[in-house]
Amino acid sequence: MTAVQPGPPHSPPEGRYGRDDRRFSSDADARADRTLKIVAIVVGTLAAVALAVYGWTSIAGTKVSAQVIAFKVVSDRAVEIHLEVNKDAGTTAVCTLRSVDASQSEVGRKTVRLSQHAKQVDTVVTLETTARGETGELVSCDAAKGN
């Protein structure tokens, strides 16, 4: 067995754990930490504001609702559809209507723009068909783009 001789403590190899330099002092680390925290708070706040604005515009967008009150087949080539639309005054609504025949094939489709400056619009739309229509249906009704 060999005996271990006590000696001076070994120091780590030069440059292995960074330099002992003023630029790397604890004050510089504290400043870097503060700067990083401030940047994180600013970026987080901006992201939260952007998300809130997006959510608000999605929820509070212009609402348009519509329903077919009645329809009447006036000939083999036309259907009259009585449409009631509720919207904000000044909003232009774009509604698509259709008619189907007895076999449920679409025989007519029409998109109408309703730009009356009223909250409720009642109108009768004449829908031309390629064959005798059996129904008058509302496909969609939304606010016009750019409102």
Side-chain angles (χ1 to χ4, degrees), residues 8-147:
H10 291 284
S11 62
E14 188 71 30
R16 183 174 213 170
Y17 299 105
R19 296 182 300 189
D20 185 22
D21 193 347
R22 282 221 175 276
R23 290 179 297 168
F24 300 106
S25 69
S26 63
D27 289 341
D29 287 343
R31 276 194 306 273
D33 287 347
R34 277 193 304 273
T35 303
L36 186 58
K37 286 178 186 176
I38 290 170
V39 168
I41 289 170
V42 169
V43 169
T45 302
L46 290 175
V49 168
L51 185 61
V53 168
Y54 174 75
W56 177 256
T57 56
S58 296
I59 293 171
T62 302
K63 303 284 187 230
V64 174
S65 65
Q67 63 182 353
V68 172
I69 302 300
F71 68 90
K72 179 169 79 171
V73 178
V74 292
S75 73
D76 286 343
R77 298 284 184 211
V79 175
E80 286 182 351
I81 300 173
H82 178 188
L83 182 66
E84 178 183 273
V85 179
N86 294 299
K87 61 184 185 60
D88 292 338
T91 298
T92 299
V94 178
C95 301
T96 301
L97 305 165
R98 77 176 189 156
S99 181
V100 297
D101 63 11
S103 66
Q104 299 301 307
S105 297
E106 187 174 286
V107 293
R109 179 177 285 252
K110 185 175 188 176
T111 299
V112 294
R113 292 179 63 88
L114 303 169
S115 57
Q116 292 90 332
H117 192 75
K119 287 189 172 195
Q120 183 174 1
V121 177
D122 281 323
T123 186
V124 176
V125 178
T126 301
L127 176 64
E128 294 180 11
T129 61
T130 57
R132 185 172 185 81
E134 297 289 326
T135 65
E137 302 173 354
L138 175 66
V139 176
S140 66
C141 199
D142 297 302
K145 302 294 182 206
N147 264 334

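For residues 114-125, the set of pairs meeting the salt bridge (Lys or Arg N to Asp or Glu O under 4.0 Å) definition, not counting sequence neighbours, is empty.
Pairing each heavy atom of V121 with each of A118, the nearest pair is CG2-O, 4.3 Å. Contact record, G133 with V73: O-CG2, 3.1 Å, taken as the closest heavy-atom pair. For the pair G136 and V79, the tightest heavy-atom approach, listed with the atom from each and the gap, is CA-CG1, 4.4 Å.
Atom CG of L114 is separated from atom OG1 of T92 by 8.5 Å, given to the nearest 0.5 angstrom. T123 contributes atom OG1, which lies 11.0 Å from atom CD1 of I81 (distance to the nearest 0.5 angstrom). Taken from OG1 in T91 to CD in Q116, the straight-line distance is 12.0 Å, to the nearest 0.5 Å. Here the straight-line distance linking atom CG of L97 with atom CG of L127 works out to 6.5 Å at 0.5 Å rounding.
Side-chain atoms of H117 come within 3.5 Å of backbone N or O of G90 as a donor-acceptor pair. The backbone N or O of C95 sits nowhere less than 3.5 Å from a side-chain atom of K110 that would complete a donor-acceptor pair.
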Would you list the atom pairs, donor with acceptor, under 3.5 Å between side chains in residues 98-107 and any protein atom, with sequence neighbours excluded?
unit_1 : atom_1 : unit_2 : atom_2 : d
R98    : NE     : E137   : OE1    : 2.7
R98    : NH1    : E106   : OE1    : 3.4
R98    : NH2    : E137   : OE1    : 3.1
S99    : OG     : T135   : O      : 2.5
D101   : OD1    : S103   : N      : 3.0
D101   : OD1    : S103   : OG     : 2.9
D101   : OD1    : Q104   : N      : 3.2
D101   : OD1    : S105   : N      : 2.9
S103   : OG     : S105   : OG     : 3.4
E106   : OE1    : R109   : NE     : 3.4
E106   : OE1    : R109   : NH2    : 2.9
E106   : OE2    : R109   : NE     : 3.1

For residues 36-55, run the donor-acceptor check on the side chains, cut-off 3.5 Å, and write out each pair with its distance to 0.1 Å, sequence neighbours left out.
unit_1 : atom_1 : unit_2 : atom_2 : d
T45    : OG1    : I41    : O      : 2.8

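Judged as a side-chain contact (heavy atoms from CB on, under 4.5 Å), and not counting sequence neighbours, the contacts of S140 are T96, D142. Listed by chain and residue number, V74, E80 satisfy the side-chain contact (heavy atoms from CB on, under 4.5 Å) test with K72 (two or more places apart in sequence, or in another chain). In this structure, the side chain to side chain donor-acceptor pair (under 3.5 Å) partners of E84, at least two apart in sequence or on a different chain, are Q67, Q120.
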